[in-house]
2 protein chains.
Amino acid sequence: MGLAKTEMFTDEQNKISMFAKAFGHPARVAILQHLFKIDTCICGDLVSEIGLAQPTISQHLKELKNLGLIKGNVEGTSVCYCIDKDNWSNMKDIMAQFLDQDISSNSCC
Amino acid sequence: MGLAKTEMFTDEQNKISMFAKAFGHPARVAILQHLFKIDTCICGDLVSEIGLAQPTISQHLKELKNLGLIKGNVEGTSVCYCIDKDNWSNMKDIMAQFLDQDISSNSCC
DNA sequence: ATATATTATCGTAATATTGCAATGAAACAA
DNA sequence: TTGTTTCATTGCAATATTACGATAATATAT
């Protein structure tokens with residue numbers, strides 16, 4: 001069906017999977033890494049940096065923006081995209097809670 | 001196209017996105033959380049715990065197993081699934097490197 | 001006004017993902 | 001053997017994702 005049954009899961013589980021889905025494409029990982037690296041960015045840079053077509057990059061940026069992980073300011077004819085620090089930090093806490101679960105030693109495998 | 005152009009990205013970027021994709025569905029998040037919680041598990045438990053049909057759970061388990069995040073031992077008629085601790089730890093390091101990037105303060109937004 | 005530059009949106013094609021009913025495979029019990 | 005239990009696999013339908021050409025929208029420059 002291609003449709004996740006989100007209503008049967010907790011808000012936390014849905015939130016984790018939504019953030020994870022955003023990182024589930026190497027282009028978005030590359031975009032975020034580049035935004036961290038230069039800390040100020042316009043989309044044109046990304047198109048030449050990443051190697052995908054401009055509409056494709058624009059679409060990936062839109063997804064990251066909808067999730068709140070980045071924000072963009074219009075500056076003349078171009079748009080300046082950056083990491084949204086507060087939301088990134090918040091996301092990191094949620095993901096860390098999931099990734100850093102303790103593993104006890106009485107495993108059967 | 002639905003096809004990610006993995007060849008234009010680094011191994012690290014592809015690895016991050018592959019792990020993230022595994023966490024990109026709430027059912028797999030729930031499965032992993034449950035495996036952490038009880039530390040010994042058979043698939044039957046998960047079907048009643050999660051609420052999806054048995055073939056669906058089995059498919060999600062297969063994906064997690066293929067990535068190496070969990071492993072399964074056959075025990076009579078049932079299969080015992082657990083977290084693969086070494087691989088989980090390794091994945092955590094890779095994800096942390098991505099999530100914990102420093103944000104300098106000369107942002108434009 | 002016209003041209004240029006930059007980004008967003010639309011439309012479409014190709015592929016991937018999700019979910020489940022039906023069925024298969026393997027181990028065990030009676 | 002025959003049935004039961006448990007999990008995997010197959011096959012299919014519905015939806016989502018990815019990518020990009022064409023085009024629109026906006027701001028700036030000449």
Got [X] and [Y] here, is their nearest side-chain heavy-atom distance under 4.5 Å?
X	Y	value
A:K85	A:S89	no
B:Q13	B:T6	no
A:L61	A:I70	yes
A:I31	A:L64	yes
A:K15	B:V29	no
A:F9	B:I50	yes
B:I83	B:L32	yes

Whole angstrom value for the distance that separates [atom2] of [N] from [atom1] of [X]:
X	N	atom1	atom2	value
A:E75	C:dT7	CD	C1'	14 Å
B:L52	D:dC7	CG	C1'	16 Å
B:I50	D:dC7	CD1	P	14 Å
B:D45	D:dT5	CG	P	16 Å

Report task. Please state whether the rings of A:W88 and A:F36 are parallel, tilted or perpendicular, taking 30° and 60° as the class boundaries. Result ->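 If you compare the ring of A:W88 with that of A:F36, the planes turn out perpendicular.
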Report task. Scan residues 4-26 of chain A against DNA chain D and write down, sorted by residue number, each residue with any heavy atom closer than 4.0 Å; if none is found, say none. Result ->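 DNA chain D contact set from residues 4-26 of chain A: A:K21, A:H25.
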Query raised in the report: OP1, OP2 of D:dA19 versus side-chain N and O of A:H60: anything below 4.0 Å?
Result: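 For D:dA19, OP1/OP2 do have a side-chain N/O of A:H60 under 4.0 Å.
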Query - First encountered from the 5' end of DNA chain C, between A:G44 and A:L3 - result: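 The answer here is A:G44.
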Using nucleotides 8-11 of chain D, report all nitrogen or oxygen pairs with the protein that are shorter than 3.5 Å.
residue, atom, partner, partner atom, Å
D:dA8, OP1, B:Y81, OH, 2.4
D:dA8, OP2, B:S58, OG, 2.7
D:dA8, N7, B:Q54, NE2, 2.7
D:dA8, N6, B:Q54, OE1, 3.0

